[in-house]
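Here's the structure we're looking at; comments come further down.
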Amino acid sequence: MTVFSDSHVHLADPAFADEADAVIERARAAGARALVCIGESAATARRAQLLAARHAGFVFFTAGVHPHDAASWDEATDPQAIRDAVANGAVAVGECGLDTHYDHAPRERQLHALDAQLALAQELRKPIVLHTREAEADTFEFLRRAEIANVRGVLHCFTGSIALAEAALTVGWYVSFSGIITFKSWTDEALLRAVPDDRLLAESDAPYLAPVPHRGKRNESAFVSLTLARLAAVRGQQVEALGWQTLRNTKELFDLPDAVLIA
């Protein structure tokens, strides 16, 4: 059995409804030692917090506002909601970021919400979970501001350029890969080898992006081992060793308790 962590899973998504606890237990049975449940809105962060409380020491949660919802960023309520979540155990700010592929929010509103969350991450001394899609120029600039603010984070579900990954690595960030790398359409094996062992994370992004052979089905954390197997094969590493390494990296980035490493 491969030991692993899921550094990014949307367990509070309605796709899991009343099944979240069963999904969590299947992940544990498959070898998971830690799941980071993403709170990409105030409502999902509250649900994620409840899941983390029910599965203390195994499920952890974050709080932020997704770029798709950046147009509704509310200075009167959103910053305090994130502060409250961190006070109640949230391990990171996010998922936040930039996305011009879908353009659900105007670029200027995405940038405003992201900068507000960077300021919160600096204030609260928490890392950022960053979503970036078709926004490389703005992401390069954001990483520069994050370095100045002494804020670390992760480029989650990364599909960008090696140059952007290297820029993130240079300022102390991590890079995470999802089941996308198992798809036939994935060809950038050089990117998978470019991230050093101590900055590499693996994730499900469930309920989305199920890896082969589950592509097209609802994803879940138990399938992260398949993504790790693909990473290990491309990098010429043993999947068991890589699973432990990415678990250590998840612990380090999110400052998880030492117990997640205990066999």
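Along the sequence shown, residues carry numbers from 1.
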Test side chain to side chain donor-acceptor pair (under 3.5 Å) applied to Ser204 and Asp6, step by step: CA-CA 6 Å; Ser204 67; Asp6 186 350; 2.6 Å; yes
Cation-pi geometry met for Arg33 and Phe4 (6.0 Å, 45°): no
Transitive ILVMFWY side-chain link Leu247 to Leu201, under 4.5 Å: yes
Interatomic distance, Thr182 atom OG1 to Arg215 atom CZ [nearest 0.5 angstrom]: 8.0 Å
Sequence-distant partners of Arg152, salt bridge (Lys or Arg N to Asp or Glu O under 4.0 Å), two or more places apart: Glu252
Those residues that, when tested against Glu19, pass salt bridge (Lys or Arg N to Asp or Glu O under 4.0 Å) (two or more places apart): Arg218
Beyond-backbone contact of Gln117 with Ile82, side-chain heavy atoms, under 4.5 angstrom: yes
ILVMFWY clustering at 4.5 Å (side-chain atoms), partners of Leu51: Val9, Leu11, Phe16, Val23, Ile24, Leu35, Phe58, Val59
Close side-chain approach of Pro213 to Leu226, heavy-atom, < 4.5 Å: yes
Side-chain donor-acceptor contact under 3.5 Å, Gln245 with Arg248: yes
Exercise: do Thr62 and Glu95 side chains pair donor with acceptor under 3.5 Å: no
Short side-chain donor-acceptor distance under 3.5 Å, Glu220 and His214: no
Polar side chain donor-acceptor pair, His112 to Glu75, under 3.5 angstrom: yes
Check residues 184-194 and write down every donor-acceptor pair under 3.5 Å in which the side-chain atom is one partner and the other belongs to a residue at least two apart or another chain.
unit_1: Trp186; atom_1: NE1; unit_2: Asp188; atom_2: O; d: 3.3
unit_1: Asp188; atom_1: OD1; unit_2: Leu191; atom_2: N; d: 3.2
unit_1: Glu189; atom_1: OE2; unit_2: Arg230; atom_2: NH2; d: 3.0

Residues Glu40 and His66: side-chain donor-acceptor under 3.5 angstrom: no
Leu114 side chain near Leu130 side chain, heavy-atom distance below 4.5 Å: yes
Partner set under salt bridge (Lys or Arg N to Asp or Glu O under 4.0 Å) for Arg235, not counting sequence neighbours: Asp197
Name each donor-acceptor pair under 3.5 Å that joins a side chain in residues 168-179 to protein atoms two or more places apart or in another chain, with its distance.
unit_1: Thr170; atom_1: OG1; unit_2: Glu166; atom_2: O; d: 2.8
unit_1: Trp173; atom_1: NE1; unit_2: Val151; atom_2: O; d: 3.1
unit_1: Ser176; atom_1: OG; unit_2: Ser7; atom_2: OG; d: 3.4
unit_1: Ser176; atom_1: OG; unit_2: Glu203; atom_2: OE1; d: 2.8
unit_1: Ser178; atom_1: OG; unit_2: Ile180; atom_2: N; d: 3.3

